[in-house]
Amino acid sequence: MPLLTLADTCRLYYQFNDSAKSKPVVVFLNGTTQTTKSWGMQAKDLQDHFRIILYDARGQGQSDLGVNDLTIDGHVHDLIQLLDYLDVNRSHLVGLSHGARVACEIGRIYPERTDKMILCGLGNKLGPRTSAILESWYHILKSSNLETLVWAMLPVVFGEPFLEKHKTILNDMVSAIVKLNQPEAVEMHLRSMAQYLSVPDILTENYHPTLIVTGEQDVIIQKDQSRILAQKLGAHLIQLKGVGHSPNIE
């Protein structure tokens, strides 16, 4: 199992399809409670055209939580360490929600390391509904267990078409998500995200070609905040019909 030991001894799990040095690199960044498996379809479809990096951020999947607090700067530094280790100087970034926020910050701080970006499920500011959702999830986890939290997350994270199509396997989905996550790590993510999900002011003329993808049925990120972010970044915005907060899976 490929693990990179970071400067603070936290181990980061990653996968790297490095079959052809001449191909550009695409990095996929997970949303909260998601793992490298969440990008399986995209990685498979693109593997003939790109070198693919999948990784679990600290506190996700097979990566350690570490001893430091989770911060946006910390997540950015972790990925830069991974890219340095893999000798990748420049890459395309594709992120969902939490992962999109990290990608957005890398584009701001390390423009020389960033090419094009796709940001899914991300808005300009953390709205009151999003704040309340994160707070409710935190209290569900604290007062019950991870399985109860994941059941509470499903109708918020996914759109109705996905839930209808997969209603017979929702139990299996919940079990898989619980198996791939540690309660203390999810708790830390929920506490930390409220501090860094809002996007700072960015000089649009210095930013990268960016596509922002939203779901028509996303109740976590308000549509007006995605539009504001697209305007701020000079990005193209598309909305997927019948999709919630997880277009990579839906």
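Just so it is clear, the model here is predicted, and its values are computed rather than measured.
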Any side-chain heavy atom of [X] within less than 4.5 Å of one from [Y]?
X	Y	answer
Val25	His92	no
Ile53	Val26	no
Trp137	Val156	yes
Leu134	Leu126	yes
Leu211	Met117	no
Leu240	Thr214	no
Arg90	Pro24	no
Leu83	Ser91	yes

Please determine whether the number of non-hydrogen atoms from other residues, nucleotides or ligands lying under 6.0 Å from atom [atom1] of [X] exceeds 12.
X	atom1	answer
Arg191	CZ	yes
Lys125	NZ	yes
His77	NE2	no
Lys23	NZ	yes

Any side-chain donor paired with an acceptor under 3.5 Å for His189 and Tyr138?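 Distance-only check fails for His189 and Tyr138.
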
Determine whether the side chains of Glu112 and Asn89 contain a donor N or O and an acceptor N or O closer than 3.5 Å.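 On atom types as modelled, these side chains do not qualify, holding no pair under 3.5 Å.
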
Quick one: does [X]'s side chain have a donor or acceptor within less than 3.5 Å of a partner on [Y]'s backbone?
X	Y	answer
Gln34	Leu96	no
Asp218	Gly121	no
Ser226	Leu122	yes
Ser246	Asn248	no
Glu216	Val243	no
Tyr207	Cys104	yes
Asn181	Thr33	yes
Gln47	Asn17	no
Thr9	Thr5	no
Thr148	Ser144	no

If the threshold is 4.0 Å, N to carboxylate O, is there a salt bridge linking [X] and [Y]?
X	Y	value
Lys165	Glu250	no
Arg101	Glu105	yes
Arg11	Asp56	no

Taking it one step at a time, do Thr36 and Tyr13 satisfy side chain to side chain contact (heavy atoms under 4.5 Å, CB included)? CA-CA 9 Å; Thr36 56; Tyr13 172 76; 3.8 Å; yes

Let's go through Ile109 and Asp73 carefully: what are the C-alpha distance in whole Å and the side-chain angles of both, what is the deciding distance for side chain to side chain contact (heavy atoms under 4.5 Å, CB included) to 0.1 Å, and is it a yes or a no? CA-CA 10 Å; Ile109 300 176; Asp73 289 342; 4.3 Å; yes

Between Asp78 and Val76, does a side chain to side chain contact (heavy atoms under 4.5 Å, CB included) hold up when you go through it step by step? CA-CA 5 Å; Asp78 288 349; Val76 167; over 6 Å; no

Test side chain to side chain contact (heavy atoms under 4.5 Å, CB included) on Tyr55 and Leu29 and set out the steps. CA-CA 7 Å; Tyr55 82 106; Leu29 296 88; 3.6 Å; yes

